[in-house]
Amino acid sequence: MIVNSNQAFHLIEQFSAQAPFALWVLDPYGRSVFANVKLQETLHSMHFMPEPLGINLFHGPVAEELGLTDVCQRLLKGETIDEMVESGGDQAANIDGVGFFSLHVVAYPLLAADGRVDNYVLVINDVTPSRIAQEKLRKKINDVKTLQTAKTSRETRASELLGEITQLEKEIRTYEKKP
Amino acid sequence: MNRQLYGADDLPEAIMPLCQLIAQAPFAVWIADRTGKVVLFNEATRKLTGTEDPKKLLDSYSIFDDPIAAAQGLVPHIKRVLEGQVVQTVVILDTAREGFFCGNGCKVYYVRCLYYPITDETGVHQYIVAVIENITPQYLEDLECARVTRRIDIANNEAVTLEKEMVLAKNRVTSLKKKLASLKKAL
């Protein structure tokens with residue numbers, strides 16, 4: 001044993017409280033039992049103002065508002081989730097618009113020794129800026145195809161111009177040789 | 001003993017739910033003290049590193065002496081966590097390079113490491129927490145994006161060069177046409 005139970009309790013408690021990522025712990029019915037400061041900050045940045053501790057994520061409108069409906073449904077089936085969740089209307093059209101949010105969500109059930117669910121945990125990171133940058137890059141990748149098509153057409157035109165120059169130079173030489 | 005949280009045996013039942021939060025996390029978590037010695041780690045850490053003997057890791061491992069962290073110049077950055085900084089980085093985790101890791105079946109991963117301090121009530125940063133995620137698929141995708149970005153730059157440069165050459169060629173055609181017309185007129 002490296003740490004005693006008091007130290008372990010302190011460490012684990014502070015691991016959660018001082019984490020730089022949002023941490024949300026729910027009871028088996030979806031009621032919030034723990035939310036760290038970072039979760040409140042993340043929700044506020046999404047213009048979601050209610051205090052997380054008063055929320056039931058499995059019942060009511062909050063999951064839908066935060067784009068977490070599918071996550072909650074799969075969590076209730078016992079799945080462990082590690083994926084990007086996007087919210088804010090039509091994401092494709094609104095990728096850098098106001099109200100668009102991209103969250104990296106890791107969610108998992110905490111199981112008791114007998115296999116029943118004691119709690120559900122959600123670890124949430126707001127990755128909106130990097131998602132917007134990624135989408136811009138994806139659009140740029142599409143631009144490469146357009147550029148390649150344009151390049152082929154320009155190369156053809158350049159080849160025609162070179163042919164025209166050769167022909168003109170030949171004609172000029174013919175005229176210059178004439179007395 | 002909780003088999004999924006190493007370093008803290010015989011925990012009271014009352015704090016087990018909180019312990020399970022780390023113990024059952026799908027991402028690796030370890031906590032080191034100010035000397036760099038790991039005092040707690042979870043099952044995901046054991047699986048990621050292929051550690052077969054958790055006691056060996058707890059007895060002999062220090063993050064400040066970690067060969068991968070040292071080789072990648074990370075140790076000074078990790079030490080800054082004890083000054084209150086949060087550090088995030090991506091490193092190549094080659095399990096063959098760690099002394100306590102597996103003998104056979106060693107693996108190489110790209111992992112995202114997030115280090116942050118646990119601060120006591122007097123404001124002293126007492127512990128370093130590391131949260132480690134295996135991001136190999138995403139990282140390889142990012143590398144591909146970086147390659148595509150380079151291709152975009154090359155394609156853009158080529159397009160600019162071609163455009164300049166075409167302007168020169170068009171000017172040359174105009175000039176030759178004028179010269180030819182003038183020769184024809186002179187004859």
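These figures come from a predicted structure and were not determined experimentally. Proteins get letters first, then strands, A, B, ... in listed order; numbering begins at 1 in each. Just so it is clear, the values below take in all heavy atoms, side chains as well, and ignore hydrogens, waters and symmetry mates.
- Inter-residue side-chain proximity for B:Leu21 and A:Leu23 is flagged as met; some heavy-atom pair is nearer than 4.5 Å.
- Contacts of A:Gln167 with chain B are absent, with no heavy-atom separation under 4.5 Å from either backbone or side chain.
- Taken from CG in A:Asn119 to CD in B:Gln20, the straight-line distance is 10.0 Å, to the nearest 0.5 Å.
- Hydrophobic clustering, with ILVMFWY side chains joined whenever heavy atoms are under 4.5 angstrom apart, keeps B:Tyr139 apart from A:Val127.
- Note: A:Phe15 and B:Tyr116 have tilted aromatic rings, judged against thresholds of 30 and 60 degrees for the angle between ring planes.
- Interface summary for chain B: among A:Pro109, A:Ala19, A:Ala158, the most heavy-atom pairs under 4.5 angstrom belong to A:Ala19.
- The shortest non-hydrogen separation linking B:Ala169 to A:Ile165 is O-CD1, 3.7 Å.
- Looking only at side-chain heavy atoms (C-beta outward), A:Pro20 and B:Leu114 come within less than 4.5 Å of each other.
- The contact between B:Val129 and chain A is made entirely by side chain atoms (from C-beta outward), counting heavy-atom distances below 4.5 Å.
- Between B:Lys185 atom NZ and A:Tyr175 atom OH the span is 14.5 Å, to the nearest 0.5 Å.
- Test B:Lys170, B:Lys177, B:Arg172 against A:Glu164 for side-chain hydrogen bond (donor to acceptor under 3.5 Å, both in side chains) and you get one pass: B:Lys177.
- Highest contact tally toward chain A, considering only B:Val86, B:Val29, B:Thr119, B:Ile118, is held by B:Ile118 [criterion: heavy-atom pairs under 4.5 Å].
- Within residues 74-82 of chain B, no residue has a heavy atom under 4.5 Å from a heavy atom of chain A.
- If you chain together hydrophobic residues whose side chains sit under 4.5 Å apart, A:Val33 and A:Tyr108 fall into the same group.
- Residue contact with chain B, scored on non-hydrogen atoms closer than 4.5 Å, is absent for A:Ala17.
- Taking a cutoff of 4.0 Å between a charged side-chain nitrogen and a carboxylate oxygen, A:Arg154 and B:Glu165 do not qualify as a salt bridge.
- Looking at A:Phe34, there are no atoms closer than 4.5 Å to chain B (heavy atoms on both sides), in backbone or side chain.
- A:Glu64 CD: 12 or fewer foreign heavy atoms inside a 6.0 Å radius.
- Both A:Leu111 and A:Leu122 belong to a common hydrophobic cluster when Ile, Leu, Val, Met, Phe, Trp and Tyr are linked at side-chain heavy-atom distances under 4.5 angstrom.
- Across B:Lys184, B:Lys55, B:Glu158, the residue that shares the most heavy-atom pairs under 4.5 angstrom with chain A is B:Lys184.
- Criterion: ILVMFWY side-chain heavy atoms under 4.5 Å apart, direct or through other members. Under it, A:Leu57 and A:Leu53 are not part of a common hydrophobic cluster.
- For B:Ala186, no part sits under 4.5 Å from any heavy atom of chain A, backbone or side chain.
- Neither the backbone nor the side chain of B:Gln88 comes within contact range of chain A; no heavy atom of the residue lies under 4.5 Å from a heavy atom of that chain.
- Only the side chain of B:Ile31 comes within less than 4.5 Å of a heavy atom of chain A; its backbone N, CA, C and O stay farther away.
- For B:Leu162, the part lying near chain A is the side chain, with the backbone staying farther off; criterion is any non-hydrogen pair under 4.5 Å.
- In the hydrophobic clustering of this structure, A:Leu26 groups with A:Leu76; members are Ile, Leu, Val, Met, Phe, Trp, Tyr whose side-chain heavy atoms approach within less than 4.5 Å, directly or through other members.
- Taking the side chain as every heavy atom from C-beta outward, B:Gln138 and A:Met84 never approach each other to under 4.5 Å.
- Contacts of B:Gln126 with chain A are absent, with no heavy-atom separation under 4.5 Å from either backbone or side chain.
- Side-chain atoms of B:Lys179 and A:Glu176, non-hydrogen and from C-beta on, do get closer than 4.5 Å to each other.
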